Asker: 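First the structure, then my questions, so here it is.
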Amino acid sequence: EVRTVESGGGLVQPGGSLRLSCAASGFIFSTYGMSWVRQAPGKGLEWVSAISTGGGITSYPDSVKGRFTLSREEDTNTLYLQMNSLKPEDTAVYSCAKDRGSRVGDGINFWGKGTLVTVSS
C-alpha cells in the first residue's frame, strides 16, 4: 500500500522558513518522481513542486519559484520541501505526492494526508 507521512508543518511568521519532510513507503521510491501539493482553506488542490527520480530535475510553479526547494534522500525514502520567505497565501495543508512515472511532468497518482502550514503575523 502506497503511503506518505508528512511532518514539519506549523505556525510561522511571514518571511520565515519551514522544512517539511515526507516518509514514503509501499512502492519503489527510487523509480518514481515525487511532488508536493497543497490545499489552502476554501481552495482546490495546487501543485507546488516536482522532482525527478535522479533528483537532478525540479519544477515549480511561479507562485513558489525561488522560495521553495524540493529534494529527495533515496536511502531513507524521504522527500523534503524547504520553504523560505513564506507568505500568508502559502497557508495550506501540504501533502507529499507520488508521481505517475520517473520524470517531472508525469503527474501524480497519490498524495498523503498532509501537514498544516500556517503563515501569520
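Treat the numbers as computed from the prediction; the structure is a model and nothing was measured.
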Asker: Got a donor-acceptor contact below 3.5 angstrom from the R67 side chain to the S85 backbone?
Answerer: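 Side chain of R67 to backbone of S85, a donor-acceptor pair under 3.5 Å: yes, one is there.
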Asker: If you round to the nearest 0.5 Å, how far is CZ of F68 from CG of L18?
Answerer: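 Atom-to-atom, L18:CG and F68:CZ are 9.0 Å apart.
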Asker: Do V37 and L86 belong together in a cluster built from hydrophobic side chains that touch within less than 4.5 Å?
Answerer: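 No, V37 does not connect to L86 through the hydrophobic network.
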Asker: Kindly check if the number of other-residue, nucleotide or ligand heavy atoms within 6.0 Å of CZ (R3) is above 12?
Answerer: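 Open: at most 12 neighbouring heavy atoms sit under 6.0 Å from CZ of R3.
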Asker: Can you tell me how far apart OG (S52) and CG (D99) are? Round to the nearest 0.5 Å.
Answerer: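 The CG atom of D99 is 9.5 Å from OG of S52, to the nearest 0.5 Å.
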Asker: Atom OH in Y60, atom OG in S35: separation rounded to 0.5 Å?
Answerer: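 Y60 atom OH to S35 atom OG measures 10.5 Å (nearest 0.5 Å).
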Asker: Which residue pairs pass the salt bridge (charged side-chain N to carboxylate O under 4.0 Å, His left out) test with at least one member in residues 47-65, sequence neighbours excluded?
Answerer: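 Every salt bridge (charged side-chain N to carboxylate O under 4.0 Å, His left out) pair that includes a residue of residues 47-65, provided the two are not neighbours, is D62-K65.
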Asker: Would you mind reporting whether E6 and L20 have side-chain heavy atoms less than 4.5 Å apart?
Answerer: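 SC-SC contact between L20 and E6 ruled out.
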Asker: How long is the gap from CG on D106 to OG1 on T53, to the nearest 0.5 Å?
Answerer: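 So the gap between those two atoms works out to 9.5 Å.
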Asker: Can you give each donor-acceptor pair under 3.5 Å made by side-chain atoms of residues 40-48, sequence neighbours left out, with the distance rounded to 0.1 Å?
Answerer:
residue : atom : partner : partner atom : Å
E46     : OE1  : R38     : NE           : 2.9
E46     : OE1  : R38     : NH2          : 3.3
E46     : OE2  : S63     : OG           : 3.4
W47     : NE1  : S49     : O            : 2.7

Asker: Enumerate, atom names and distances included, each donor-acceptor pair closer than 3.5 Å involving a side-chain atom of residues 108-121, sequence neighbours excluded.
Answerer:
residue : atom : partner : partner atom : Å
N109    : OD1  : K98     : NZ           : 3.3
T115    : OG1  : G9      : N            : 3.1

Asker: Show me the donor-acceptor pairs, under 3.5 Å and distance only, between side chains in residues 73-82 and residues at least two apart or in other chains.
Answerer:
residue : atom : partner : partner atom : Å
E73     : OE1  : T76     : OG1          : 2.4
E74     : OE2  : R72     : NE           : 2.5
T76     : OG1  : T78     : OG1          : 3.0
T78     : OG1  : T76     : O            : 3.0
Q82     : NE2  : N84     : OD1          : 3.0

Asker: Quick one: name the residues clustered hydrophobically with I57, using the 4.5 Å side-chain heavy-atom rule over I, L, V, M, F, W, Y, and just say none if it's on its own.
Answerer: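 The other cluster members (ILVMFWY side chains, heavy atoms under 4.5 Å, direct or chained) are V104.
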Asker: Output every pair passing ring-ring contact (aromatic ring centres under 6.0 Å, His included) with a member in residues 9-40, not counting sequence neighbours, ordered by first then second residue.
Answerer: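 Residue pairs passing ring-ring contact (aromatic ring centres under 6.0 Å, His included), neighbours aside: F27-Y32.
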